[in-house]
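Below, read A as the first sequence line, B as the second, and so on, with proteins coming before strands; counting in each chain starts at 1.
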Number of protein chains: 2
Amino acid sequence: MILVKQSVLRLFQYRDFLIRSKKLGKESIFSDDFAENLGTTSIQVRKDFSIFGLSGNKRAGYKVDELLKQLNDVLKKDEKQKVIIVGAGNIGKALMKYDGFREGGLEIVALFDNDSKAQNEKAKPPVLALEQLYGFINENKIELGVIAVPYHSAQQVLDIMILAGIKGVMNFAPIALKAPKNFYINDMNLKIELESIAYFVKSLKKKRT
Amino acid sequence: MILVKQSVLRLFQYRDFLIRSKKLGKESIFSDDFAENLGTTSIQVRKDFSIFGLSGNKRAGYKVDELLKQLNDVLKKDEKQKVIIVGAGNIGKALMKYDGFREGGLEIVALFDNDSKAQNEKAKPPVLALEQLYGFINENKIELGVIAVPYHSAQQVLDIMILAGIKGVMNFAPIALKAPKNFYINDMNLKIELESIAYFVKSLKKKRT
DNA sequence: GAATTATTGTGAAACGATTCACTTAAATAA
DNA sequence: TTATTTAAGTGAATCGTTTCACAATAATTC
C-alpha cells in the first residue's frame, strides 16, 4: 500500500468534523465545508477522498452517514484498541486523563513507572512496575504504546516494548529512537515544536522590517 | 525567506544532539554522527547545513563549539522567550512542569483558566483568570502561547490571544483553528496522532498477510 | 425535457523535500 | 612532497504532495 501519511491524518480530521456535524443534525455536507473547517481547500479534500475511493454525489455533496461509514471502513475504526503508557510523570498522567483517546476508540489499559510511589495496582487504569511491562504487553497482546519517560531511559523502554510485541508508539521523549523498519514511531517532541514556533515567529517579524 | 520547515525542525534536533555531545566532552563531530543519532542520513544533515550556510571542515568534520555557535545564530537562540499557557487542566499543568521548555530557553510565565478553583495568583507561575489574559499578554509583550483548553473554547481563546498580540501558538485542542496568514499555529492533535499510529500499525500487519 | 448550474472526481502540472552523483579540499600515508 | 583517503558541499534528478484545469454528472431552473 502507498504511504499517504498526510492524507490519512486529514481523513481522521474529516472524520471528527463529520461526527460533530452529525451531532448538529446535518445530513449532507460538501467538500467546501470540510475545507472551511479544517483550514484547507476543497480540492485537497476531494483529492484525499479520491485516493481512498470515498465518493459522494455530484452536485449534492456527501451524505453524512454514508461517508462516515466509508471513512470508518477505510480508517479501520472497528474494534477498540488497547494502549499502554510508559512513564507516569506529568505527561503520562495527563495523557491518562485525556478524554480524546477514549473518543477515538483508544483505551488506556495500564501505565508503567519505575517509581514505587507512583505505582498502584488497584487504580483504574493500574500503574504497574516497569518489571511487569514485558509480561503485560505479551499477555494482553498490546500493540500500541506511549513513551513518556525521561530521554535517557526512552530507548531502553522502547527495546522492551518491541521485544514484547508492541508495533507502534507515540514518543514524548525528546530524542530520536531506534527501531526496526516495520515498527511505527510518531515523535511528539514538545520542546522542539515550541522552539520552532518561536523561531518562525521571529522570522515573520524580520520579514516585515 | 524560504520556508524550509522540515530543515528547521531538524536543525533544532542537531542542536540538542550537539549540546549532549559537548557535555560528553566531544570536540568534533561528523555528519554521520548526527545521522546515526537522529535516524536520518548524512546527506540530509549536510544538505540542511548547506541550506543555512553552516560549514565544517572537509575530512575533519565539524568543531562542536563552532557549529553550536553557528547554529544558535541561525536558530536565533539569543534571549529567553516568554510563553503563556491557556488552560490549566491535565495537559496545561503537565506542560507547566515540563523541563524541556526551560532547557530550550522558553520560560512559562503564566497559566490562565476559567475555573476559579484552578486559579492561584501566588503560584509560580501564577494561574490567572481568563479575564486577565488580554491584559497580561499586552502588558508583558508575550508573543508565544500554548492552547490547552477544550475544543469548544479554543477558537475564542485564540481570538483574544491574537488581538492581544500573540504571534504563534502550540495548539492541543483537537480542532483546526482560524488565524490570519502571518500568525503561526502548530497543531498537536494527540487524539489524531495516536489514532493514526493505530491505523499504520494495522496497515503494516495487512501487508505481511 | 432541455439548458443551466453547482459540485464531485481526477489526470497532469507544479511545487517542495529528499536523495543521488559528483566535486572539492583537508588530513594522512607513502 | 606526492598520492591516497575521507568527509564536506552542492547542483541536478527523483520522489511525494499539493494544486490546477477541466471533464463528468446530479440537481435545479426555465
Counterpart residues, ring pair (Phe, Tyr, Trp, His ring centres under 6.0 Å), relative to A:F136 (two or more places apart):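 With sequence neighbours excluded, A:F136 shows a ring pair (Phe, Tyr, Trp, His ring centres under 6.0 Å) to A:F112, given in chain and number order.
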Indicate yes or no for a side-chain donor-acceptor contact from A:D48 to the backbone of A:S7 under 3.5 Å, with no hydrogens or angles considered. no
So, A:D33 side chain and A:F30 main chain: donor-acceptor pair closer than 3.5 Å or not?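 Indeed, once roles are kept as given, a pair shorter than 3.5 Å links the two residues.
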Give the rounded distance in Å between these two atoms: [atom1] of [X] and [atom2] of [N].
X     : N      : atom1 : atom2 : result
B:D48 : C:dT18 : CG    : C1'   : 10 Å
A:L9  : D:dT17 : CG    : C1'   : 13 Å
A:I51 : C:dT10 : CD1   : P     : 11 Å
A:K5  : D:dT18 : NZ    : P     : 11 Å
B:E36 : D:dA7  : CD    : C1'   : 17 Å
B:F52 : D:dA8  : CZ    : C1'   : 18 Å
B:F34 : D:dG9  : CZ    : P     : 11 Å
B:Q6  : C:dT19 : CD    : P     : 12 Å

May I ask you to verify if any side-chain N or O of [X] is less than 4.0 angstrom from the OP1 or OP2 atom of [N]?
X     : N      : value
A:S31 : C:dT7  : no
A:S50 : C:dT10 : yes
A:R10 : D:dT18 : yes

Any donor-acceptor N or O pair under 3.5 Å, side chains A:K5, B:S196: no
Is atom [atom1] of [X] surrounded by more than 12 heavy atoms (other residues, nucleotides or ligands) closer than 6.0 Å?
X      : atom1 : answer
A:K178 : NZ    : yes
B:E27  : CD    : no
A:K69  : NZ    : no

Check for me whether the distance between the ring centres of A:F17 and A:Y14 falls short of 6.0 Å.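 When the ring centroids of A:F17 and A:Y14 are compared, they turn out to be at least 6.0 Å apart.
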Looking for any heavy atom pair under 4.0 Å, which part of the strands does B:S7 touch: base, sugar-phosphate only, or nothing? nothing
Tell me which residues in residues 57-65 of chain B put a heavy atom below 4.0 Å from DNA chain D, sorted by number, or none. B:N57, B:K58, B:R59, B:G61, B:Y62
Within residues 40-47 of chain B, those residues having any heavy atom closer than 4.0 Å to DNA chain D are B:R46, B:K47
Exercise: identify the closest heavy-atom pair between B:S31 and B:R46: OG-NH1, 3.2 Å
